[in-house]
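Have a look at the structure below before the remarks.
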Number of protein chains: 2
Amino acid sequence: MRWNDIDQMTCSLARTLSVIGDRWTMLILRDAFLGVRRFEDFEKDLKMPRHRLSERLRKLVEQNALTRVQYQTRPRRFEYRLTEKGVDLYPVIVSLMNWGDRWMAGADGPPVELIHRNCGKQIVPALKCPECDEEIRAREMTARPGPALRKRGLPAYGRAAPRPVPAGDAAAAINRAR
Amino acid sequence: MRWNDIDQMTCSLARTLSVIGDRWTMLILRDAFLGVRRFEDFEKDLKMPRHRLSERLRKLVEQNALTRVQYQTRPRRFEYRLTEKGVDLYPVIVSLMNWGDRWMAGADGPPVELIHRNCGKQIVPALKCPECDEEIRAREMTARPGPALRKRGLPAYGRAAPRPVPAGDAAAAINRAR
DNA sequence: TGACTAAGTTCTATTTTGGAACTTATTATC
DNA sequence: GATAATAAGTTCCAAAATAGAACTTAGTCA
């Protein structure tokens with residue numbers, strides 16, 4: 001499968017990745033969240049090829065995650081700002097950072113801390129259930145076909161169906177565990 | 001900058017991307033969360049090149065996000081399971097899905113819904129502040145240098161410093177807004 | 001013996017990326 | 001008035017990563 005076809009998968013994750021799932025886009029967005037807006041500043045901070053940056057910014061503008069705003073007239077210069085759609089990627093950035101902090105940080109600890117202005121405290125944002133307010137754990141979640149898949153009458157996420165395990169196999173017990 | 005050098009950036013996001021920031025890894029992990037464990041099943045579902053799959057699985061095992069477990073002896077066959085480090089990527093997957101659901105879904109609505117077993121309800125998990133329990137909004141968050149950067153005495157994320165805006169420029173007002 | 005299964009590996013053409021140099025419009029400096 | 005500087009790009013080409021198809025390995029089943 002070609003990468004260009006990825007947004008045609010009936011999968012929100014794949015569609016999201018079609019927008020931000022390349023080498024640089026996520027880092028560009030991180031910078032945008034930190035207040036970077038100008039081409040030169042992105043380039044200096046990320047040390048990425050200018051052509052690539054130009055292309056990625058254009059794509060993000062096309063996708064409406066950023067807007068290109070003229071900030072001076074002579075010579076005409078533009079800067080890039082997060083749109084609502086772009087700002088809404090914040091949880092993605094934060095989750096990725098959290099994971100990096102927990103699993104990839106060096107002995108010195110995480111490079112950046114987040115402060116919540118509301119309460120003034122340094123926090124690690126966490127996923128919660130809006131119904132029962134419990135913290136979300138992967139094992140407690142189930143996926144079921146949503147409207148788009150039900151409509152099409154597709155088998156959806158039936159892949160997780162338990163497989164027959166060769167009887168008496170040593171792995172069987174573990175297999176049932178997960 | 002070469003992609004291989006990305007994990008040397010002092011940035012948790014970059015380090016995370018060095019593990020899962022390529023074309024397929026995230027989709028492999030999604031499948032893993034849905035219960036897929038075997039090479040053939042990943043391959044059939046994702047329709048990705050086998051060599052690529054093999055390489056990505058190997059890398060995830062090296063990084064300790066998956067383990068390779070033998071599930072039968074003759075012939076020896078292995079399957080891949082999420083480790084704690086892997087399971088901990090759930091918030092990343094969920095955030096990406098949420099965004100896709102909100103911004104990239106077709107007219108039919110999202111392809112998958114999540115059920116929280118705890119309360120039995122269909123939910124959209126959200127990032128919350130563990131201190132004041134408010135939902136996290138990008139605009140209410142500030143980043144400051146964490147231990148790793150303070151130790152090194154680096155300028156950290158000073159890039160967001162306000163720039164002088166040409167006086168009287170039409171963009172100035174908007175510029176201050178954000 | 002030959003077909004089949006699961007999990008890979010090998011090969012090659014195509015696509016994407018990285019790096020450096022060049023362009024354009026305009027202001028500031030010698 | 002020529003020369004440099006700045007910001008935001010674009011152009012060109014070599015190097016790296018990816019896609020797709022075919023092949024391998026080890027063992028079972030008819």
Side-chain angles (χ1 to χ4, degrees), chain A residues 1-6 9 17-18 21-28 31 36-61 66-81 159 163-169 171 175, chain B residues 1-6 9 17-18 21-28 31 36-61 66-81 159 163-169 171 175:
Chain A
M1 180 184 245
R2 286 274 150 74
W3 190 246
N4 282 24
D5 304 331
I6 195 162
M9 290 177 81
L17 293 176
S18 77
D22 64 90
R23 268 167 163 55
W24 291 107
T25 301
M26 208 77 91
L27 293 168
I28 292 172
D31 272 15
V36 177
R37 292 176 181 177
R38 298 192 184 174
F39 192 93
E40 294 288 303
D41 294 340
F42 284 111
E43 197 267 333
K44 276 185 201 113
D45 185 56
L46 297 175
K47 291 161 197 20
M48 67 183 285
R50 302 173 72 83
H51 179 37
R52 213 59 29 225
L53 174 58
S54 167
E55 188 194 33
R56 290 292 113 93
L57 289 170
R58 195 180 320 124
K59 197 174 161 194
L60 284 168
V61 169
L66 296 177
T67 23
R68 189 160 171 273
V69 181
Q70 183 174 328
Y71 70 88
Q72 77 174 32
T73 37
R74 271 201 306 281
R76 296 179 80 197
R77 294 277 157 77
F78 299 88
E79 61 178 22
Y80 298 88
R81 302 198 196 165
R159 291 176 302 256
R163 258 171 188 284
V165 173
D169 192 302
N175 233 338
Chain B
M1 179 184 245
R2 286 272 151 72
W3 190 244
N4 283 22
D5 305 330
I6 195 165
M9 290 178 82
L17 293 176
S18 77
D22 65 90
R23 270 167 162 54
W24 290 107
T25 301
M26 209 78 91
L27 293 168
I28 292 173
D31 272 16
V36 176
R37 292 176 180 176
R38 297 193 183 174
F39 192 93
E40 294 288 303
D41 293 341
F42 284 110
E43 197 267 333
K44 276 184 201 115
D45 183 55
L46 297 175
K47 292 160 196 20
M48 66 184 285
R50 301 173 74 81
H51 179 37
R52 214 54 33 217
L53 174 59
S54 166
E55 188 195 33
R56 290 291 112 95
L57 289 170
R58 195 180 320 124
K59 198 174 161 193
L60 285 168
V61 169
L66 295 178
T67 21
R68 187 158 171 275
V69 181
Q70 183 173 328
Y71 69 89
Q72 76 172 33
T73 37
R74 272 199 307 283
R76 296 179 80 199
R77 295 276 157 78
F78 299 88
E79 63 179 20
Y80 298 87
R81 302 198 196 164
R159 291 175 302 257
R163 257 172 188 284
V165 174
D169 193 303
N175 233 338

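Just so it is clear: chains get the letters A, B, ... in the order the sequence lines come, proteins before strands, and each one is counted from 1. All values below come from the heavy atoms of this structure, side chains included, with hydrogens, waters and symmetry mates left out.
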>> From the set D:dA19, C:dG8, D:dA8, return the single nucleotide nearest to any side-chain atom of B:W24.
In response: D:dA19

>> Within the 4.0 Å heavy-atom criterion, would you say A:R2 contacts the bases, only the backbone, or no part of the nucleic acid?
In response: sugar-phosphate

> Using a cut-off of 4.0 Å on non-hydrogen atoms, how would the nucleic acid contact of A:F42 be classed: base, sugar-phosphate, or nothing?
Replying inline: nothing

>> In whole Å, I'd like the distance from the CZ atom of B:R56 to the P atom of C:dG8.
In response: 15 Å

>> Check this one for me: any side-chain N or O of B:Y80 less than 4.0 Å away from OP1 or OP2 of C:dA6?
In response: no

> So how far is it from A:L17 CG to B:R23 CZ, rounded to the nearest 0.5 Å?
Replying inline: 11.0 Å

>> So which atom in A:Y80 and which in A:R68 form the shortest heavy-atom distance, rounded to 0.1 Å?
In response: OH-NE, 3.3 Å

> Which atom names give the shortest non-hydrogen contact between B:E79 and B:Y71, and what distance separates them?
Replying inline: N-CD2, 3.7 Å

>> Measuring from the side chain of B:Y71 (C-beta onward, heavy atoms only), which nucleotide among D:dA7, C:dA7, D:dT18 has the closest atom?
In response: C:dA7

> Does a salt bridge link A:R58 with A:E55, judged by any charged N lying under 4.0 Å from a carboxylate O?
Replying inline: no

>> If you compare all heavy atoms of A:W3 against all heavy atoms of A:G21, which two are closest, and at what distance to 0.1 Å?
In response: CZ2-O, 3.7 Å

> Where the side chain of B:R23 is defined as all heavy atoms beyond and including C-beta, which of C:dT5, C:dG18, C:dT16 is the nearest nucleotide?
Replying inline: C:dT16

> Roughly how far, to the nearest 0.5 Å, is the CG atom of B:D41 from the CZ atom of B:F39?
Replying inline: 11.0 Å

> Minimum heavy-atom separation for A:E40 to A:R50, with atom names?
Replying inline: OE2-NH2, 2.6 Å

> In whole angstrom, what separates B:E79's CD from C:dT5's C1'?
Replying inline: 16 Å

> Only one of A:V36, A:L57, A:D22 clears side-chain contact (heavy atoms from CB on, under 4.5 Å) with A:I28; which?
Replying inline: A:L57

> Expressed in angstrom and rounded to an integer, what is the separation of B:R74 atom CZ from D:dA26 atom C1'?
Replying inline: 11 Å

>> Within the 4.0 Å heavy-atom criterion, would you say A:N4 contacts the bases, only the backbone, or no part of the nucleic acid?
In response: sugar-phosphate

>> Whole angstroms only, please: what is the CZ-P distance between B:F78 and D:dT25?
In response: 17 Å

>> What is the distance, to the nearest angstrom, from the CG atom on A:D5 to the C1' atom on C:dT14?
In response: 14 Å

> Is a donor-acceptor pair below 3.5 Å formed from side chain A:R77 to base D:dA8, judging by atom type as modelled?
Replying inline: no

> Which whole-number value in Å describes the distance from B:M48 CE to D:dA17 P?
Replying inline: 15 Å

>> Any N or O donor-acceptor pair under 3.5 Å from the base of D:dA7 to the side chain of A:R38?
In response: no

> What nucleic acid atoms does B:R76 come within less than 4.0 Å of, heavy atoms only: base, sugar-phosphate, or nothing?
Replying inline: nothing

> Rounded to the nearest Å, what distance is computed from the CH2 atom of residue B:W3 to the P atom of nucleotide D:dT18?
Replying inline: 10 Å

> Which of these nucleotides, C:dG8, D:dA7, C:dT17, is closest to any side-chain atom of B:R68?
Replying inline: C:dG8

> Between C:dA20 atom C1' and A:K47 atom NZ, what is the distance in whole Å?
Replying inline: 17 Å

Please write out the pairs of protein N or O atoms and N or O atoms of nucleotides 9-11 of chain C separated by less than 3.5 Å, giving the distance to one decimal.
| unit_1 | atom_1 | unit_2 | atom_2 | d |
| --- | --- | --- | --- | --- |
| C:dT9 | OP2 | B:S54 | OG | 2.7 |
| C:dT9 | OP2 | B:R58 | NH2 | 3.1 |

